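First up is the structure itself, then whatever we jot down about it.
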Amino acid sequence: RGRLAFRDPTRTWTSNMKMKTDLCALSASDLLHLYRTKQASPVEVTRATLERIEKLNPILNAFCFLDSDSSLKEAKQSEKRWAKGSPQGLLDGVPVSIKDLLLTKGWPTLRGSKTVDPKGPWNDDAPAVARLREHGAVLLGKTTTPEFGWKGVTDGPLTGITRNPWNPKMTPGGSSGGGAAAVAAGMGPLTVGTDGGGSIRIPCSFTGLFGLKPSFGRVPAWPLSPMGTVAHVGPMTRTVTDAALMMNVLSLPDTRDWHSLPHDARDYRIGLDDGVKGLRIAYSADLGYARVDPEIASIVKRAVNTFKELGAHVEAKDPGFEDAGPLFAAHWFPGAAYVVRNTHPRKRVLMDKGLLDTARMGEMITTEAYMNAIQQRGALGVLMNRFHETWDLLITPTLPLAAFEAGREVANLLKEKRWTDWSPFSYPFNLTQQPAATIPCGLTKKGLPVGLHIVGPRYADALVLRAARAFESVHPIPMPKL
């Protein structure tokens, strides 16, 4: 822990795939190929990544905690295993970052809050972190999040403002914004995020990454989020193949999560390249009620044609539910109230004002209103189950706008009060617990990424990945020029 100084962090290489680039720009799958063929080592890659972090983190503020000594120790252990031809697991030697909401043994998990005691104790790994360790991943550090992950951008009293690699004046989104900024900028190819209302998909859309919110329970979580059963854990990557690889690890069972689904031993890479020919895809430009920036709408509409060209049957069709914002608020805001209520009154003065405001709104939701919301949520889930009897997938924009100025919760104070006002496409599918992914589908005239949202039936995570991979095969995911 301390100043990092390593030689030649962007060493170039030429592989059998005839690629030439720096190590920090490679996918996890590429790195594993290099380890296997002895063209690069985990130590080289980890050093390069740490050097990239030292260079860019002061600008982007993606990491709030870094443990270079531990990372290099893990990389050296991985290097020895590869030298013997006996890698430990599916991600041996691959650098990975962890969102600061997920417990990590030996490291503080402050949840972006000044109210959490850094002294801990920190004796546990969350399920996702435990599985990554078991599969040999090199853990780099913790990435920034707004306080307790409460909003769709990443800034707060503890860690300040996190910025977008495509334009540091802009937000990377949130609440997994630190992880998104890290992966997009080449500070590690993989990160683990959480998504309780869009917190994987929003930052991946704003930073030009692939992000998957798996079906609820597919990736075990512990402790359970205070936001309850709308909160998911999932991968954020630069390629769909890397996300499938991560899902093989993250979806492994953990008895601490009593909501988790039975493990099906699926390899998410199998069938990934089977394409979308013959699939029935519904395209909804606005869910029937959302306001979408015309430039975003145009880019997404053009992208949808790719699925037609790949052989899918695509038809304009809204799913048929009303604005889910009030219903989501009835589930999310009480969670914020729970967080604040369980914080010592003397410490509340240290908390994000927006979180406190949201908590006050949550306190106003009566038991009767909450129970009604549970019934309405069930009806929404049934509606989407029936929708998917006809349609294999639903495609929408991921967000109705591109990234806006960093340090602000909303893009337009005259039109929006809270982050939920500009993220209408994400949180409905937290309520229904369906798998949903975002993949970059173009850039605005100002050079900011636009995301395409792919939603599948519950438990059809592999189908969502397959559709995203089909799109990626035609439109590879670019990295920002830094």
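Side-chain atoms are counted along with the backbone in the values below, which use heavy atoms only and exclude waters and symmetry mates. Fair warning: this is a prediction, and the values are worked out from it, not measured in the lab. Quick note: residue numbers are just sequence positions, from 1.
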Could you check whether any side-chain N or O of [X] sits under 3.5 Å from a backbone N or O of [Y], counting only pairs where one atom can act as donor and the other as acceptor?
X	Y	value
Asp67	Trp107	no
Ser298	Glu295	no
Trp419	Trp150	yes
Ser199	Ser175	yes

Using a 6.0 Å distance limit plus a 45 degree cone around the ring axis, check whether Arg469 lies over the aromatic ring of Phe471.
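No, cation not above the ring by the 6.0 Å, 45° rule.
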Practice item. Can you spot which of Leu245, Leu31, Leu91 makes a side-chain contact (heavy atoms from CB on, under 4.5 Å) with Leu190? Key: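 Of all the options given, the one that passes is Leu91.
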Criterion salt bridge (Lys or Arg N to Asp or Glu O under 4.0 Å) on Glu79 and Lys76, from CA distance to verdict
CA-CA 5 Å; Glu79 187 172 75; Lys76 289 174 182 176; over 6 Å; no
*asked:* Before you tell me yes or no, could you show the steps for Asp125 and Lys105 under salt bridge (Lys or Arg N to Asp or Glu O under 4.0 Å), namely the whole-Å CA-CA distance, both residues' side-chain angles and the distance that decides it to 0.1 Å?
replied: CA-CA 5 Å; Asp125 280 332; Lys105 187 175 182 180; over 6 Å; no
Looking only at heavy atoms, what is the nearest atom pair of [X] and [Y], with distance?
X	Y	result
Ser176	Thr194	OG-O, 3.1 Å
Ile200	Leu212	CD1-O, 3.6 Å
Gln434	His388	NE2-NE2, 3.0 Å
Pro457	Asp392	CD-O, 3.2 Å
Asn430	Arg377	O-NH2, 3.5 Å
Arg201	Lys213	NH2-CD, 3.4 Å

Check the orientation of Trp391 and His313. Use parallel for under 30°, tilted for 30 to 60°, and perpendicular for over 60°. parallel
* Is the distance between the ring centroids of Phe206 and Trp166 less than 6.0 Å? -> no
| task | May I ask you to check whether Phe216 and His232 place their ring centers less than 6.0 Å from one another? | result | yes
